[in-house]
Amino acid sequence: MTFPKNFLWGGAIAANQAEGAYNVDGRGLVQTDVTTGGSVNSSRMTTYIDKDGNPGKAPSMGHNGRIPEGAKFAVLEDEYYPNHKAVDFYHRYKEDIKLFAEMGYSVFRLSISWARIFPNGDETEPNQAGLDFYRSVFEECRKYNIEPLVSIWHFDTPLALEVNYGGWSNRKLIDLYVNYAKVVFTEYKDLVKYWLTFNEINNTTMFLDIYGDAATDEDYQEGYQVLHNQFVASAKAVLLGHEINPEFMIGNMICGITFYPGTCDPADILANQHKWESGIYYCGDVQAKGKYGTYAKRLWKEHNVTLDITEEDLEILKKGTVDMYTFSYYMSNNVTTHTDQEQVAGNFSSGAKNPYLTYSDWGWAHDPTGLQYYLEKIYDRYELPLMLVENGLGAFDTVEEDGSIHDDYRIDYHRAHVKAMSDAIDNGVDLIAYTTWGCIDIVSAGTGEMRKRYGFIYVDMDDEGNGTLNRSKKDSFEWYKEVIATNGQNCLTD
Ligand code: BG6
């Protein structure tokens, strides 16, 4: 058997993409509540009322909405916001977790919405209804012997913190986040062992590269300061978590993309090395090694960045390193200095099209070998247990007349990635968990679409908000059940 006996198999979702119930039981607003849907060719839009009282919308940049000076974020009457209802996990979690248990999950990754616990982010007392909701979700998991794997931030800072404090570039958010972490660590210390501090933390600066010259030095200045503040918050949370329960395993979470040089031109080889540094290692090194990489000064210089970093911060970073390195992996990207190559973009990164790979309908490369490459490279760098906490294929699904959904493309995608994990494990990598992304269909983070589906469980909901929200099993449901029952063995022999 390649996969260790206690390997954790399961699936993953995020609060804002799954829960819905956006204004229920005292929850505060987050950015996605003022963000419309988009598509592969059109950006999601952030909505607002401008200083003269007129409604307006601006393209979202990554997970942030930039709105004009003096404007206020607003939910507009004539717009549809897919995350408001999402797939109503808030009311249907018992049914969903039962289905996960039927597949044999031993782990289920989800996130806590900060705005359910502290609606404005800075209250002194937590919202009891929010605490009760997650307690009930975690207890439901435990009923089926499913380990909850909990992200305490998945792109959803309470909107009030953006408005009143200017968001994460303000150091005050460090203590507010740490207080929030303290409350949830304490509240769930006997129900949750595995925690993640910030989802895909590296996106903040990685996605700026997509905008080319449109991203200014000020954007990088802000991005790197946001990251520094989040690193300190994360390290403080790790230290605190270990005090609250020494058994906690606390990880970081990196948007893992394998970068290849587009050609063997030495300039491409160097550009590719620099891409690994700015895109992948920058955050991983701070969170797993406890210090900025040697290349960090070069990156700051490239964008005229001067950071507010104290000696005390550096001490905290050194001490508060993570227990495990966790990451998402969907695809690889080619890095080249040659401008004549066809470009592709996906998941906060862009690059030249790779002629050896096929691409999804959303332009994401299908590259399981890139996963093996990532696993081996990263394990060698950090020598920490690894968890692959997001992996999947966003695809259109067709519901047949009899209700069945034949998603062989999804099965093929996962089978190839499980095989890649197994090859990496055979080569000595300590991989301890696999949670497939959007194990039940949820709202896409990038485009806000429902039709970009990742799930083994189909949810009857479209991009305009029509549908019963009923759940049904796709072919991949039975297939994944078999993967878990055979501890991955069926993927190696098929
Ligand atoms: C990751 C995020 O970037 O990729 C998820 O952590 C996201 O929140 C996932 O949903 C897939 O991206 P998308 O845009 O297809 O939903």
Side-chain angles (χ1 to χ4, degrees), residues 11-19 30-32 35-44 59-64 82-83 86-87 89 109-114 149-157 196-207 209-210 230 251-258 279-280 283 326-333 344-350 359-366 371 374 387-397 409-410 413-414 417 434-455 459 461 463:
I13 61 168
N16 75 87
Q17 295 171 253
E19 286 175 4
V30 301
Q31 189 88 49
T32 43
T35 308
T36 67
S39 74
V40 67
N41 296 317
S42 60
S43 174
R44 302 187 72 174
S60 295
M61 251 185 135
H63 296 292
N64 288 317
N83 301 71
V87 297
F89 178 78
R109 176 178 175 229
L110 70 164
S111 68
I112 294 180
S113 169
W114 186 349
L149 164 61
V150 179
S151 319
I152 48 187
W153 183 92
H154 194 119
F155 308 145
D156 55 359
T157 305
L196 308 182
T197 55
F198 286 91
N199 182 68
E200 291 193 339
I201 190 168
N202 52 326
N203 284 345
T204 297
T205 45
M206 194 161 73
F207 91 90
D209 292 350
I210 297 184
Q230 293 186 340
N252 60 342
M253 200 303 205
I254 300 288
C255 176
I257 294 178
T258 290
I280 306 296
C283 297
T326 94
F327 67 105
S328 60
Y329 178 84
Y330 294 89
M331 61 187 191
S332 59
N333 244 320
V344 281
N347 212 15
F348 306 97
S349 180
S350 61
Y359 287 80
S360 80
D361 290 322
W362 278 263
W364 297 27
H366 178 105
L371 171 59
Y374 193 93
M387 282 188 174
L388 175 50
V389 298
E390 284 187 32
N391 173 243
L393 176 69
F396 297 107
D397 287 330
Y409 36 89
R410 185 167 293 111
Y413 179 97
H414 283 287
H417 286 80
Y434 180 53
T435 58
T436 68
W437 181 246
C439 46
I440 178 166
D441 293 342
I442 54 178
V443 176
S444 155
T447 65
E449 293 166 296
M450 271 306 301
R451 65 185 184 155
K452 187 181 187 190
R453 296 175 183 274
Y454 287 87
V459 178
M461 173 55 54
D463 291 337

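What you see is a predicted model; the values in this text were computed from it and never measured. Indexing begins at 1, ligand by ligand and atom by atom, following the structure's order.
Below 3.5 Å of separation, one finds no N or O of Met253 facing any N or O of ligand 1. Some N or O of Asn199 is nearer than 3.5 Å to an N or O of ligand 1, by distance alone. Here's the thing with Thr447: none of its N/O atoms is less than 3.5 angstrom from an N/O atom of ligand 1. When only interatomic distances are considered, the shortest N/O to N/O separation between Phe155 and ligand 1 does not fall below 3.5 Å.
Residue-ligand proximity, Gly446 to ligand 1, at heavy-atom distances under 4.0 Å covers atoms 13 (P), 14 (O), 16 (O). Taking a cut-off of under 4.0 Å to the non-hydrogen atoms of Lys452, the atoms of ligand 1 that pass are 13 (P), 14 (O), 15 (O). In summary, the atoms of ligand 1 found under 4.0 Å from a heavy atom of Ser444, numbered by their order in the structure, are 13 (P), 14 (O), 15 (O), 16 (O). Interface atoms of ligand 1 facing Tyr330, defined by a heavy-atom separation under 4.0 Å, are 4 (O), 9 (C), 11 (C). Residue Ala445 has at least one heavy-atom neighbour below 4.0 Å for each of these atoms of ligand 1: 7 (C), 8 (O), 10 (O), 13 (P), 14 (O), 16 (O).
For the atom pair CE of Met253 and CD1 of Ile152, the computed distance is 13.5 Å after rounding to the nearest 0.5 Å. To the nearest 0.5 angstrom, Met331 atom CE is 12.0 Å from Asn391 atom CG. With values rounded to the nearest 0.5 angstrom, Asn199 atom CG is found 5.5 Å from Glu390 atom CD.
At a heavy-atom cutoff of 4.0 Å, ligand 1 is contacted by no atom of Tyr329, backbone or side chain. With a heavy-atom cut-off of 4.0 Å, Trp362 does not touch ligand 1 at all. Contacts of Ala14 with ligand 1, taken as heavy-atom pairs under 4.0 Å, are absent altogether.
Annotation: Tyr329 is not in aromatic contact with Trp437 [ring centroid separation under 6.0 Å not met].
Relative orientation of the Phe155 and Trp153 rings is perpendicular, given thresholds of 30° and 60° on the angle between their planes. Ring geometry for Tyr454 versus Tyr330: interplanar angle over 60°, hence perpendicular rather than tilted (30 to 60°).
Between Glu449 and the choices Arg451, Lys452, Arg453, the salt bridge (Lys or Arg N to Asp or Glu O under 4.0 Å) rule is met once, by Arg451.
Contact annotation: Tyr454 has at least one heavy atom less than 4.0 Å from an atom of ligand 1.
A pairwise comparison of heavy atoms in Val40 and Thr447 identifies N-CG2, 4.1 Å as the closest pair. Across His414 and Leu393, no two heavy atoms sit closer than the pair NE2-N, 4.5 Å.
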